[in-house]
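In what follows, a structure is listed as structure tokens, so that the remarks can point back to it.
Note that the structure is predicted; figures quoted are calculated from it, not measured.
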Amino acid sequence: MSHFTEVATKIANKELLVACLKELGYTVEEKTTIKGYRGQETPVDIAVRMRQGYDIGFTLGPDGTYSFVADWFGVQGTNQQEFTAKVQQQYALTTVIDQISRQGFNVVEQQREATGEIRLVVRRWV
């Protein structure tokens with residue numbers, strides 16, 4: 001019986017996902033496997049190597065979006081809900097910054113509020 005759990009997301013851009021994971025300070029590998037209970041392995045498109053415990057992976061689904069994959073019983077230092085929320089927020093921020101820079105804007109101020117919300121001030125010279 002597998003302990004791996006898969007959680008659907010709306011994350012579709014691999015480059016932005018890898019960039020956001022690195023921005024969060026994780027070591028990332030592509031096209032590899034992650035380990036779970038009793039050494040079971042499962043293939044993933046992107047692996048997040050955790051300092052302790054089992055790793056967390058992402059697999060690309062047929063709909064073009066990535067799912068989180070992990071044996072959460074053995075993941076240490078975070079839990080499924082916390083990791084998912086943190087990655088989704090950082091992915092959204094990375095996507096917004098990528099899109100505004102493509103339109104010629106620069107981030108002049110970035111502030112994380114006490115609520116966890118992120119406030120950006122952008123500017124474009126015309």
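Minimum interatomic distance between Tyr54 and Arg38 (heavy atoms only, all atoms of both residues): OH-N, 4.0 Å. Summarising the geometry of Thr33 relative to Pro43, their closest heavy-atom pair is CG2-CA, 4.0 Å, with the distance given to 0.1 Å. What you find for Leu60 and Asp45 is that their closest heavy atoms are N-OD2, 2.6 Å. Ala47 and Val44 make their closest contact through CB-CG2, 3.9 Å (heavy atoms, listed as atom of the first residue, atom of the second, distance). Closest of all the heavy-atom pairs between Ala19 and Thr94 is CB-CG2, 4.3 Å.
Between Ile34 and Thr42, some side-chain heavy-atom pair lies under the 4.5 Å cut-off. Taking 4.5 Å as the limit, every side-chain heavy atom of Val48 sits out of range of all side-chain heavy atoms of Thr27. In this structure, Arg49 and Glu29 have side chains that are in contact, with non-hydrogen atoms separated by less than 4.5 Å. Between Val107 and Val121, the closest side-chain pair of non-hydrogen atoms is not below 4.5 Å. Under the 4.5 Å side-chain criterion, counting only non-hydrogen atoms from C-beta, Gln110 is in contact with Ile97. The closest side-chain heavy-atom distance from Tyr26 to Ile56 is not below 4.5 Å.
Atom-to-atom distance recorded for Ile11:CD1 and Ser67:OG is 9.5 Å, nearest 0.5 angstrom. Rounding to the nearest 0.5 Å gives a distance of 5.0 Å between CG of Leu21 and CZ of Phe58. A distance of 8.0 Å separates CD1 in Ile100 from CG in Asn106, rounded to the nearest 0.5 Å.
A donor-acceptor distance shorter than 3.5 angstrom exists from the side chain of Tyr91 to the backbone of Ala12, with no hydrogens or angles considered. Under the 3.5 Å distance criterion, the side-chain polar atoms of Arg124 are matched with a main-chain donor or acceptor of Gln103. A donor-acceptor pair under 3.5 Å links the side-chain atoms of Gln89 to the main chain of Gly116, judged by distance alone. In this structure, Asn13 contributes its side chain and Glu15 its backbone to a donor-acceptor pair below 3.5 Å.
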Test salt bridge (charged side-chain N to carboxylate O under 4.0 Å, His left out) on Glu30 and Lys14; report intermediate values, then the result. CA-CA 10 Å; Glu30 295 183 38; Lys14 178 182 167 186; 2.7 Å; yes
Run the ring-ring contact (aromatic ring centres under 6.0 Å, His included) check on Phe68 and Phe83 step by step: do they pass? CA-CA 10 Å; Phe68 294 87; Phe83 183 81; 5.8 Å; yes
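Salt-bridge check for Glu109 with Arg119: passed, with a basic side-chain N closer than 4.0 Å to an acidic carboxylate O. Under 4.0 Å is where a charged nitrogen must lie from a carboxylate oxygen, and between Asp55 and Lys35 no such pair does.
Following chains of ILVMFWY side-chain contacts shorter than 4.5 Å, one can reach Trp72 starting from Leu24, so the two form part of one hydrophobic cluster. Residues Ile118 and Val87 fall into different hydrophobic clusters, defined by Ile, Leu, Val, Met, Phe, Trp and Tyr side chains chained together at heavy-atom separations under 4.5 Å. Tracing side-chain contacts under 4.5 Å through hydrophobic residues (I, L, V, M, F, W, Y), one never reaches Leu93 starting from Tyr66; they form parts of separate clusters.
Within a 6.0 Å sphere centred on CD of Gln76, heavy atoms belonging to other residues, nucleotides or ligands number more than 12. When the shell of 6.0 Å around NZ of Lys86 is examined, it contains more than 12 heavy atoms from other residues, nucleotides or ligands.
Checking Thr84 against Gln80 by side-chain atom types alone, no donor-acceptor pair falls below 3.5 Å.
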